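Read through the structure below, which is laid out as structure tokens, and then see the notes.
Side-chain atoms are counted along with the backbone in the values below, which use heavy atoms only and exclude waters and symmetry mates. Count residues from 1 along the sequence. Since this is a predicted model, take the numbers as computed values, not measurements.
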Amino acid sequence: MVKCLLLFLALSCLAQDATYNQDSSSTEEISTDEEPQIPTETSETPDLDLEILEDSDAEKHEFQADVSRVMDIFIHSLYTHKDIFLRETISNGSDALDKVRYLSITDDSVLGDKKDLEIYIEYDKEARTVSVTDTGIGMTKDDLIKHLGTIAKSGTTQFVEALSAGTDINLIGQFGVGFYSNFLVAEQIIVTSKHNDDSQHIWMSRAGNTFSVIEDPRGNTLGRGTRVTIKLKQDALDFVDEEILRKTVRKYSEFVQYPIYLRVKKDVSKEVEDEDSQDEEKSKIVREKVWQWERVNENKPIWLREDVSDEEYSSFYKSLTKDSKDPMSWIHFTAEGEVEFRALLYIPKTSSSDLLRNYYSQAAPIKLYVKRVMITEDFQELVPRYLSFIRGVVDSDDLPLNVARENIQHTKILKLLNTKITRKILQDLQEMADEGADEDGFNEYIEFFKEFGKHIKLGLMEDGKNKARLSKLLRFYSTYNINELTSLDDYIGRMKEGQEDIFFIAGDDKAKLSQSPLIQKLKKLGYEVLILDDPIDEYAVNSLHEYEKMHLQNVGIDEWTLPEENEEEARKKEKKLKKYYYVLTDWLRGLIPNKVNSVTISSKLDDEPSIVTTGDTGQSANMERISKHQAFGKKDQSAYEPTKKIWELNPAHPMVKKMNEWANVRNI
């Protein structure tokens with residue numbers, strides 16, 4: 001217990017991170033109706049002379065013991081992508097803006113003259129630096145020392161040992177220790193910060209054992225807020241590139257509620273005086289490159305809105321998925337309870353060619369956001385594998401995260417998230433199915449099933465918890481209409497009185513199956529038979545066993561009787577016929593002993609003299625065919641033990657009667 005308390009204290013301090021000890025107080029949309037007052041030059045002028053600062057009387061502080069080990073683990077183990085540093089720094093700035101906005105609700109003087117809440121990003125190729133500036137709450141000198149210089153106040157050793165051993169640390173706060181992700185790319189970090197209660201100070205570190213803090217000799221250049229300047233390592237110089245910075249911001253922070261501006265160089269036209277011109281105006285137009293601020297997160301998170309038009313839904317889908325087609329449908333909902341989140345999910349109009357080919361390695365491309373910051377875009381646990389065709393976003397304010405934002409705890413909350421999303425998708429699919437065809441005969445669900453029906457069948461085999469829901473979404477062809485898909489409920493609605501089984505036949509060609517000798521007598525007696533012509537159909541139906549207490553009966557096996565027959569009378573009749581045809585059946589069985597398990601008399605046939613079926617303990621003929629044609633299947637039947645067949649004879653057929661007479665006369 002004492003050890004757990006020490007660990008909790010250590011992790012609580014870690015959770016403070018470089019978020020400047022700010023709580024995210026609100027996620028309301030920031031109004032951007034007014035044009036922001038974008039600075040015409042960088043926020044930090046004149047430039048800092050870092051060498052002079054480092055040689056000055058700046059206060060030198062040592063990081064707490066074991067900090068170097070901790071940062072080494074953070075840098076090399078917790079983060080898998082270098083571009084994470086920009087996401088974390090922007091998120092910290094957003095947290096600081098949340099805090100100052102919250103304080104301004106009760107005291108508007110907190111904002112002073114700096115009322116615009118914004119984030120600015122700029123780069124300098126010559127200096128190898130990337131800088132992120134926010135107009136948030138800022139930090140005092142004590143805050144800089146406390147929150148950037150001390151990773152944990154107690155229990156550090158235990159924490160380091162736990163991380164080194166790979167232990168899952170599940171007590172760390174929501175945004176972990178994101179500030180230290182900067183050392184993935186940083187040779188040196190300089191943090192300049194101005195809080196209303198203190199003068200402007202500078203914090204510097206090279207990720208060694210020490211850091212320095214000094215009052216900024218330039219005075220108050222920020223007004224209020226924090227500027228993080230990262231001097232890049234040689235292997236991270238890709239980030240002093242305008243396009244890479246723009247793409248990274250849009251990838252992770254596109255929906256941050258505060259405006260994010262990137263300082264870019266643009267060609268502009270300018271009128272200048274032309275002394276050599278013969279015209280009266282003596283002027284000319286020249287092109288020159290100038291630095292300007294460009295907003296890079298103009299897209300709004302439409303999943304937070306209620307009044308979204310169809311055009312907006314389609315436009316967002318196309319920008320999210322890069323699909324040129326409109327989506328088939330979308331699911332927009334808010335979940336409340338133990339875990340709260342908003343989701344906007346899309347069903348594509350068509351299935352991609354590699355969706356099933358990479359079924360076991362492909363996750364649903366659903367982006368997971370926490371407070372509108374993208375955490376991951378390939379998180380496999382959000383929906384089950386059979387729903388991997390779903391696209392969209394899920395955004396939660398209270399998801400528990402591990403040390404890094406990209407490492408999500410596998411907790412009960414995560415399972416609840418998966419359960420709620422899955423059930424909502426299946427619920428909406430059921431509603432789509434219940435709507436049926438429109439006035440023009442178009443049935444949206446049938447179109448969906450033609451594209452993604454295999455996924456529903458895979459779900460039937462993989463998701464036992466939702467088997468009942470998935471079974472209602474199944475569609476098959478049947479002898480009622482071999483050109484239209486039907487549901488199991490509709491089949492039951494057409495069943496004959498007294499019928500207790502749902503009959504089906506499986507194969508690869510629905511036209512041939514509809515004419516199979518196995519079902520002709522059933523059809524003649526008025527029984528409907530489902531036609532399973534997809535290779536996965538029989539697997540799915542076998543995993544279902546029954547539906548609404550109705551047994552699913554494969555007519556390709558021998559262990560079933562016609563519904564019309566009285567069981568007692570049928571047994572007596574079968575016994576007599578077996579005795580009458582014993583000589584013939586015994587002779588036929590002896591002709592091909594390795595091919596058939598038995599030869600018997602059948603009452604299932606109409607006009608056909610005989611059929612071959614499978615015993616109830618072996619593979620059906622269709623399943624054998626599928627197995628043989630799989631990638632690693634053997635074409636040579638002798639390579640594996642085939643299921644022995646049942647040869648069933650029609651005792652009412654003239655040919656069978658004649659053969660029986662001949663066998664008895666010859667006394668075979």
Side-chain angles (χ1 to χ4, degrees), residues 12-34 36-37 43 87-120 132-144 146-148 172-179 191-201 220 222-228 252-261 295 297 300-301 303-305 334 336 340-342 369-375 395-401 405:
S12 297
C13 295
L14 276 165
Q16 293 173 352
D17 179 31
T19 59
Y20 324 133
N21 198 28
Q22 315 309 322
D23 297 320
S24 294
S25 309
S26 173
T27 56
E28 294 178 7
E29 191 66 35
I30 296 297
S31 174
T32 55
D33 293 339
E34 298 181 3
Q37 298 178 358
S43 302
R87 180 190 74 183
E88 297 297 320
T89 304
I90 291 172
S91 297
N92 290 339
S94 178
D95 291 343
L97 292 167
D98 278 343
K99 181 64 175 178
V100 76
R101 182 161 65 93
Y102 176 75
L103 294 176
S104 69
I105 294 173
T106 55
D107 182 6
D108 58 3
S109 65
V110 171
L111 296 177
D113 296 331
K114 213 168 188 66
K115 299 187 182 299
D116 293 327
L117 304 181
E118 298 160 338
I119 296 172
Y120 302 97
V132 180
T133 306
D134 67 73
T135 59
I137 192 68
M139 287 182 284
T140 65
K141 176 184 175 181
D142 289 341
D143 290 336
L144 289 168
K146 179 180 179 183
H147 301 310
L148 302 189
I172 292 180
Q174 283 188 310
F175 287 105
V177 283
F179 173 76
V191 179
T192 307
S193 194
K194 173 66 177 72
H195 190 282
N196 288 341
D197 297 337
D198 201 352
S199 56
Q200 186 166 303
H201 283 77
N220 181 4
L222 293 176
R224 185 195 67 250
T226 299
R227 176 182 175 87
V228 179
Y252 293 110
S253 308
E254 183 176 17
F255 300 108
V256 168
Q257 61 182 328
Y258 301 103
I260 302 174
Y261 296 97
R295 183 167 179 179
N297 67 331
K300 303 298 180 184
W303 61 83
L304 298 180
R305 292 167 43 197
T334 301
E336 298 178 347
E340 296 184 2
F341 63 90
R342 289 174 178 263
Y369 288 78
V370 173
K371 297 181 180 178
R372 298 184 237 184
V373 176
M374 195 191 79
I375 304 306
D395 188 4
S396 175
D397 284 350
D398 56 4
L399 256 187
L401 305 181
R405 297 177 197 244

### Message
Donor-acceptor check, side chain of Glu340 to backbone of Ser396, threshold 3.5 angstrom: yes or no?
### Response
no
#### Entry: Any side-chain heavy-atom pair of Ser199 and His201 under 4.5 Å
yes
### Rounded distance [0.5 Å steps], OG1 in Thr334 versus CG in Leu304
8.5 Å
#### Entry: Rounded distance [0.5 Å steps], CZ in Arg101 versus NZ in Lys115
15.0 Å
### Query
Taking side chain as C-beta onward, heavy atoms only, is Tyr252 less than 4.5 Å from Ile375?
no
#### Entry: Parallel, tilted or perpendicular: ring planes of Tyr261 versus Tyr120, cut at 30 and 60 degrees
parallel
### Closest heavy-atom pair and its distance - Val100, Thr135
CG1-O, 4.2 Å
### Task
With side-chain hydrogen bond (donor to acceptor under 3.5 Å, both in side chains) as the test, would you mind laying out the steps for Asp98 and Tyr258 before giving the verdict?
CA-CA 9 Å; Asp98 278 343; Tyr258 301 103; 2.5 Å; yes
### Query
What distance separates Thr140 OG1 from Gln200 CD, expressed to the nearest 0.5 Å?
13.0 Å
#### Entry: Heavy-atom closest pair, residues Ser253 and Ile260
O-CD1, 3.8 Å
### Query
Step by step, would you call Met374 with Arg87 a side-chain contact (heavy atoms from CB on, under 4.5 Å)?
CA-CA 8 Å; Met374 195 191 79; Arg87 180 190 74 183; 5.7 Å; no
### Query
Do Val370 and Asp397 have side-chain heavy atoms sitting under 4.5 Å apart?
no
#### Entry: Sub-4.5 Å side-chain heavy-atom contact between Leu111 and Arg224
yes
### Residue pair Thr192, Arg227: steps toward the side-chain hydrogen bond (donor to acceptor under 3.5 Å, both in side chains) verdict
CA-CA 5 Å; Thr192 307; Arg227 176 182 175 87; 5.8 Å; no
### Asp198 and Met139, any side-chain heavy atoms less than 4.5 Å apart
no
### Query
Between the side chain of Ser94 and the main-chain N/O of Ser91, is any donor-acceptor distance below 3.5 Å?
no
### Query
If we only count heavy atoms from C-beta on, is the Arg295 to Asn297 side-chain gap below 4.5 Å?
yes
### Task
Determine, step by step, whether Thr89 and Asn92 satisfy the side-chain hydrogen bond (donor to acceptor under 3.5 Å, both in side chains) criterion, reporting the C-alpha distance in whole Å, the side-chain angles of both residues, the deciding distance to 0.1 Å, and the verdict.
CA-CA 5 Å; Thr89 304; Asn92 290 339; 5.4 Å; no
### Message
Show, in sequence, the C-alpha distance, side-chain angles and deciding distance for Asp107 and Ser109, and conclude whether the side-chain hydrogen bond (donor to acceptor under 3.5 Å, both in side chains) test is met.
### Response
CA-CA 5 Å; Asp107 182 6; Ser109 65; 2.4 Å; yes
### Query
Distance from Asp143 atom CG to Thr226 atom OG1, nearest 0.5 Å?
9.0 Å
### Task
Taking the side chain as every heavy atom from C-beta outward, state whether Thr133 and Ile119 have any atom pair closer than 4.5 Å.
no
### Query
What distance separates Ser193 OG from Ile137 CD1, expressed to the nearest 0.5 Å?
9.5 Å
### Query
To the nearest 0.5 Å, what is the distance between NZ (Lys194) and CG (Leu222)?
9.0 Å
### Message
For a 4.5 angstrom cut-off between non-hydrogen side-chain atoms, does Pro301 reach Asp395?
### Response
no
